[in-house]
Amino acid sequence: MAEAAAELWAQQARTASGSRGVFRVALSGGRTPELLFGLLTEERFQSLPWEKTEVFWVDERYVPYDDQESNYRLARESLLDRVPILKESIHPMPTGSGDPARDAAAYEALLRGRFPGQSWPSFDLCLLGLGEDGHTASLFPGGPELAERHGWVAASRSPKGVADRLTLTMPVLLGSRLRLLLACGRGKSAVVKAVLGPVADPPLLPAQMVWHGEGRGVFLIDQEAACRVAPTSQ
């Protein structure tokens, strides 16, 4: 699964940098993306257009950058410090003002500066994980942020772990050129089955909204996460 994700990253990076001069990717945290990050540091991927890569974040826990829970720290230590990417091309979500809503607005302003004149930022790749409750990014089932249809970045609240979060909104995720949803492990098998199953109206699970939304999406799952899915549905 991580191998397939790395190949998709490489494909998107080469296509975007060749046609538009820049590859813009939005990262998430967690164990599954960490496996991907490790692969991308291997010698075979050193020839990717890292100098033309611009990195953003899908979501962030509202903690300092050096905190063990920081998505930025995970990406920096496992990928960004180990590839020849330009430091000025790395744009972590701010978490230092003490006010998540203020920092969400600041990150939205940064994005609007990087994607001028666009209704939504057009990331070439949006890397997403999957929570056992069906959340993706830091958009949680029943959260008010799911109803956001104008803003690009929102402050959100998690029912578990670090409560305060920053997250891209659903229209931003759906506006990406490629949404790559990753899930691994038997603990994700029930929610994988739910995401791939019938969709309520309106959809109840954020991950289901992402998977069934318009545009191009790829859902990569390992054998354990797929153990409850009928073979014809994989």
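Every heavy atom of this structure was used, including side-chain atoms; hydrogens, water molecules and symmetry mates were not.
Closest non-hydrogen pair, Met1 versus Ala183, comes out as SD-O, 3.2 Å. Heavy atoms only, all atoms of each residue included: Cys227 and Arg186 are closest at SG-NH1, 3.4 Å. The two residues Leu36 and Ala5 come nearest to each other via the heavy atoms CD1-C, 3.8 Å. Taking each heavy atom of Tyr65 and Pro94 in turn, the nearest pair found is OH-CA, 3.5 Å. A pairwise comparison of heavy atoms in Leu74 and Glu34 identifies CD1-CD, 3.5 Å as the closest pair. Across all non-hydrogen atoms, the minimal contact from Ala207 to Val195 is CB-CG2, 3.8 Å.
Side-chain N or O atoms of Asp59 include none that pairs as donor or acceptor with a backbone N or O of Arg165 at under 3.5 Å. Side chain of Arg149 to backbone of Leu146: a donor-acceptor contact under 3.5 angstrom is found. Remark: the backbone N or O of Asp103 is not paired with any side-chain donor or acceptor of Tyr62 at under 3.5 angstrom. With hydrogens and angles disregarded, a donor-acceptor distance shorter than 3.5 Å links the side chain of Ser156 to the backbone of Ser138. Side-chain atoms of Tyr72 never come within 3.5 Å of backbone atoms of His91 as a donor-acceptor pair (strictly under, hydrogens ignored). Between the side chain of Glu60 and the backbone N or O of Leu166 there is no donor-acceptor pair closer than 3.5 Å. A donor-acceptor contact shorter than 3.5 Å is absent between the side chain of Glu145 and the backbone of Leu139. Under the 3.5 Å distance criterion, the side-chain polar atoms of Trp152 are left unmatched by any main-chain donor or acceptor of Pro171. In this structure a side-chain-to-backbone donor-acceptor pair under 3.5 Å is missing from Ser189 to Arg228. In this structure, Asn71 contributes its side chain and Gly30 its backbone to no donor-acceptor pair below 3.5 Å.
Annotation: the span from Thr95 atom OG1 to Glu69 atom CD amounts to 12.5 Å, rounded to 0.5 Å. Taken to the nearest 0.5 Å, the CG atom of Leu35 stands 9.5 Å off from the CG atom of Asp222. Rounding to the nearest 0.5 Å places CG of Leu80 at 11.5 Å from CG of Leu86. Distance CZ/Phe123 to CG/Leu173: 9.0 Å, rounded to 0.5 Å. Rounded to the nearest 0.5 Å, atoms CG (Leu8) and CD (Glu3) are 11.0 Å apart. From Arg82, atom CZ reaches atom CZ of Phe45 across 13.5 Å, with rounding to the nearest 0.5 Å.
Around CD of Gln223, the count of heavy atoms belonging to other residues, nucleotides or ligands within 6.0 Å does not exceed 12. Summarising the local packing, CD of Glu42 is surrounded by more than 12 heavy atoms from other residues, nucleotides or ligands at distances under 6.0 Å.
Counting only heavy atoms from C-beta outward, the side chains of Glu148 and Met170 never approach each other to under 4.5 Å. Residues Leu125 and Phe23 form a side-chain contact, since some pair of their non-hydrogen atoms from C-beta on lies under 4.5 Å apart. Counting heavy atoms from C-beta on, the side chains of Ile221 and Lys188 never come closer than 4.5 Å. Contact of the Leu174 side chain with the Arg179 side chain is registered, since non-hydrogen atoms from C-beta on lie closer than 4.5 Å. Side-chain contact between Pro84 and Gln46 is present, with at least one heavy-atom pair separated by less than 4.5 Å. You'll find the side chain of Leu40 reaches within 4.5 Å of the side chain of Trp50, heavy atoms only. At a threshold of 4.5 Å between non-hydrogen side-chain atoms, the residues Gln68 and Val63 do not count as touching. For the pair Trp9/Leu48, a side-chain contact is recorded, criterion being any heavy-atom separation below 4.5 Å from C-beta on.
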Exercise for the section: Determine, stepwise, if the pair Arg14 / Ser47 fulfils side chain to side chain contact (heavy atoms under 4.5 Å, CB included). Expected result: CA-CA 10 Å; Arg14 292 182 176 118; Ser47 63; 4.0 Å; yes

Exercise for the section: Could you give me the CA-CA distance, side-chain angles and deciding distance for Leu130 and Phe219, then say whether side chain to side chain contact (heavy atoms under 4.5 Å, CB included) is met? Expected result: CA-CA 10 Å; Leu130 173 64; Phe219 195 2; 3.9 Å; yes

Practice task
Assess whether side chain to side chain contact (heavy atoms under 4.5 Å, CB included) is satisfied between Leu168 and Phe56, documenting all intermediate values.
Solution key: CA-CA 10 Å; Leu168 300 182; Phe56 303 85; over 6 Å; no

Practice task
Apply side chain to side chain contact (heavy atoms under 4.5 Å, CB included) to the pair Ile90 and Ile85, showing each step before the final yes or no.
Solution key: CA-CA 8 Å; Ile90 300 172; Ile85 190 169; 3.9 Å; yes

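Put simply, Val83 and Leu127 are part of the same group of oily side chains (I, L, V, M, F, W, Y) that touch within less than 4.5 Å, one to the next. Linking Ile, Leu, Val, Met, Phe, Trp and Tyr residues whenever their side-chain heavy atoms come within less than 4.5 Å places Leu110 and Val172 in a single cluster. Linking ILVMFWY residues whenever their side-chain heavy atoms come closer than 4.5 Å, directly or via other members, places Leu181 and Phe37 in the same cluster. Linking Ile, Leu, Val, Met, Phe, Trp and Tyr whenever their side-chain heavy atoms come within less than 4.5 Å leaves Leu39 and Leu180 in two separate clusters. Under a hydrophobic-cluster definition in which Ile, Leu, Val, Met, Phe, Trp and Tyr are linked whenever side-chain heavy atoms come within less than 4.5 Å, directly or via other members, Leu204 and Trp211 are assigned to different clusters.
A cation-pi arrangement is present between Arg24 and Phe115, with the terminal nitrogen or guanidinium carbon under 6.0 Å from the aromatic centre and inside a 45° cone about the axis.
Looking at Lys87 and Asp81, a side-chain N of the basic residue comes within less than 4.0 Å of a carboxylate O on the acidic one, giving a salt bridge.
The list of side chain to side chain donor-acceptor pair (under 3.5 Å) pairs with a residue in residues 124-136, not counting sequence neighbours, reads Arg20-Asp124, Asp124-Arg177, Asp133-His135.
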